[in-house]
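The block underneath contains the structure these notes are about, expressed in structure tokens.
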There are 2 protein chains.
Amino acid sequence: MKRDSRLSSVLHALLHMAANDGPMTSEALAHCMHTNPVVVRRTMAGLRQAGLVRSEKGHNGGWTIACDLNAVTLRDIHAALGEPAVFAIGNRNAAPECLVEQAVNAALDDTFREVETLLMERFGRLTLAQLAEDFTGRLAAHHEKIRSQQNAV
Amino acid sequence: MKRDSRLSSVLHALLHMAANDGPMTSEALAHCMHTNPVVVRRTMAGLRQAGLVRSEKGHNGGWTIACDLNAVTLRDIHAALGEPAVFAIGNRNAAPECLVEQAVNAALDDTFREVETLLMERFGRLTLAQLAEDFTGRLAAHHEKIRSQQNAV
DNA sequence: GCATCATGTAATACGTAAAGTTACATGAAA
DNA sequence: TTTCATGTAACTTTACGTATTACATGATGC
């Protein structure tokens with residue numbers, strides 16, 4: 001497995017849900033994301049627990065957004081997923097006895113901490129509404145392109 | 001494997017080499033790092049290719065630093081290792097057709113690009129000499145602590 | 001009530017990349 | 001020419017996200 005793509009996945013799902021009225025089933029979302037309903041349920045479980053989405057069983061069941069898109073940021077989503085590790089790089093030993101390794105760890109830890117802080121700040125500024133708006137813009141551009149192609153024929 | 005610790009490993013090795021005069025064998029380094037000589041050779045191969053270290057066979061062989069500690073930064077080391085992936089988080093699909101996913105990817109890509117730039121800048125400011133100096137300070141503090149403990153008895 | 005739909009979750013397997021291990025070739029020094 | 005040390009290929013192990021299977025639970029509609 002190359003990288004953890006859960007954040008990307010749930011954002012994709014949330015935006016599809018936002019663009020649809022009514023609940024979407026795990027199967028429908030799985031189809032959008034070229035994966036499997038069980039993976040969707042498992043990945044979305046954290047968001048449900050955080051109160052960001054709701055899920056309902058039975059006929060007309062499925063997933064619904066339960067939050068204000070303007071109020072929820074990528075940082076909230078990352079937290080709802082259990083704050084998965086950001087970096088693929090890390091120290092060899094967490095608490096080494098060797099003074100050399102302590103010096104190396106201290107430098108790396110400081111750097112990664114600072115960089116992670118910036119990432120979380122950026123995540124904290126990006127709302128779901130902004131992503132949805134970006135999508136709307138892309139959709140409009142896409143329609144415009146289609147229309148101009150038809151006119152050219 | 002939880003995380004890629006090669007950067008941490010080679011820094012550890014380099015600082016041990018800097019504190020020793022004469023070459024250090026892969027076995028000695030492996031002992032310091034609680035690993036295996038073959039792993040040391042494999043990990044250090046990139047540094048040798050980049051001209052940062054030298055290795056020699058036979059009696060009195062082993063690894064030697066071949067660069068100016070003041071001139072080499074963590075960024076150089078990271079490059080010498082082949083620029084391993086920094087983030088454990090990423091997009092699900094690199095070039096999706098879905099406009100929703102494109103919007104998500106664009107936002108994440110921008111953010112990660114910015115953050116990676118900061119990380120590389122920080123790495124570019126951290127020299128091996130600075131790490132070595134930090135180690136020297138820790139060593140002095142350690143000796144001071146030992147001495148005061150002996151005085152107390 | 002009962003068939004159907006949809007989620008919830010456990011158990012298991014798969015894919016990938018670093019780390020660990022074994023084995024053997026190469027080359028330098030005593 | 002023996003010994004020491006690196007160089008490297010091949011294989012195993014480990015970790016973890018992802019994929020899949022199987023089955024339980026609960027809600028809806030007839």
Side-chain angles (χ1 to χ4, degrees), chain A residues 1-10 12-13 17 20 22-49 53-64 66 78 81-94, chain B residues 1-10 12-13 17 20 22-49 53-64 66 78 81-94:
Chain A
M1 209 67 344
K2 222 180 165 69
R3 284 157 150 188
D4 179 348
S5 61
R6 280 176 292 180
L7 180 60
S8 168
S9 290
V10 297
H12 188 179
M17 288 159 64
N20 254 51
M24 288 187 74
T25 66
S26 302
E27 187 154 358
L29 289 172
H31 193 257
C32 291
M33 298 154 74
H34 305 103
T35 180
N36 179 303
V38 177
V39 174
V40 172
R41 290 186 198 116
R42 191 162 47 203
T43 311
M44 299 281 283
L47 303 203
R48 181 184 52 227
Q49 206 170 344
V53 297
R54 256 198 338 261
S55 62
E56 272 156 330
K57 298 180 177 178
H59 288 85
N60 282 320
W63 299 86
T64 333
H78 182 251
L81 289 173
E83 307 203 328
V86 167
F87 294 109
I89 301 181
N91 292 328
R92 187 177 181 83
N93 300 115
Chain B
M1 212 64 353
K2 219 179 167 73
R3 285 159 149 189
D4 179 348
S5 63
R6 280 176 293 179
L7 179 60
S8 169
S9 289
V10 297
H12 188 180
M17 287 160 63
N20 252 51
M24 289 187 74
T25 66
S26 302
E27 187 154 0
L29 290 171
H31 193 258
C32 290
M33 299 153 74
H34 305 104
T35 179
N36 177 304
V38 178
V39 174
V40 173
R41 290 184 199 120
R42 191 162 49 201
T43 311
M44 299 281 283
L47 304 203
R48 180 184 53 227
Q49 206 171 345
V53 296
R54 253 198 342 258
S55 63
E56 271 155 331
K57 298 179 177 178
H59 287 86
N60 282 320
W63 298 86
T64 332
H78 182 251
L81 289 172
E83 306 203 329
V86 167
F87 294 109
I89 301 181
N91 292 328
R92 188 176 179 83
N93 299 114

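Lettering follows sequence order; numbering is per chain, from 1. Computed from a predicted structure; not experimentally measured. Values reported hereafter were calculated over all heavy atoms of this structure, with side chains retained and with hydrogens, waters and symmetry mates removed.
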task: Name every residue in residues 83-92 of chain B that has at least one heavy atom under 4.0 Å from any atom of DNA chain C, in order of residue number, or write none if there are no such residues.
output: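 Nothing qualifies; none.
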
When you measure from the side chain of [X], which nucleotide among [options] comes out closest?
{"X": "B:Asn60", "options": "C:dT9, D:dT8, C:dA30", "answer": "C:dA30"}
{"X": "B:Asp4", "options": "C:dA19, C:dG20, D:dA19", "answer": "C:dA19"}
{"X": "A:Thr25", "options": "C:dT7, D:dT6, C:dC5", "answer": "C:dT7"}
{"X": "A:Trp63", "options": "C:dG8, D:dA9, D:dG7", "answer": "C:dG8"}
{"X": "A:Lys57", "options": "D:dG7, D:dT25, D:dT20", "answer": "D:dT25"}
{"X": "B:Arg6", "options": "D:dG29, C:dA18, D:dT20", "answer": "C:dA18"}

So does [X] get a side-chain nitrogen or oxygen closer than 4.0 Å to the phosphate oxygens (OP1/OP2) of [N]?
{"X": "A:Ser55", "N": "C:dG8", "value": "yes"}
{"X": "B:Ser5", "N": "C:dA18", "value": "no"}
{"X": "B:Ser26", "N": "D:dT6", "value": "yes"}
{"X": "B:Asn36", "N": "C:dG20", "value": "no"}
{"X": "A:Arg41", "N": "C:dT7", "value": "yes"}

Within the structure provided, determine whether [X] and [Y] are in side-chain contact (heavy-atom separation under 4.5 Å).
{"X": "B:Leu29", "Y": "B:Met17", "result": "yes"}
{"X": "B:Thr64", "Y": "B:Met24", "result": "no"}
{"X": "A:Arg6", "Y": "A:Pro84", "result": "yes"}

message: Under a 3.5 Å cutoff, is there a donor and acceptor pairing between the side chains of B:Ser26 and B:Trp63?
response: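 Result is yes, a qualifying pair exists.
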
message: I'd like to know if the side chain of B:Asn91 reaches the main chain of B:Asn93, judged simply by a donor and an acceptor atom lying under 3.5 Å from each other, with no hydrogens or angles considered.
response: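 Looks like no, no N/O pair under 3.5 Å.
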
message: Counting the atoms with a prime plus P, OP1 and OP2 as sugar-phosphate, which does B:Arg42 contact under 4.0 Å by heavy atoms, base, sugar-phosphate, or nothing?
response: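 Base: the residue B:Arg42, judged by heavy atoms under 4.0 Å, touches a nucleobase.
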
message: What's A:Thr43 touching, base or sugar-phosphate or nothing? Going by heavy atoms closer than 4.0 Å.
response: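 Nothing: the residue A:Thr43, judged by heavy atoms under 4.0 Å, touches no strand.
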
field: Value in whole Å for how far the P atom of C:dT4 lies from NE2 of A:His59
entry: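 Distance, rounded to whole Å: 9 Å.
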
task: Can you tell me the distance, in whole Å, between the CG atom of B:Leu81 and the C1' atom of C:dA17?
output: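 These atoms are roughly 15 Å apart.
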
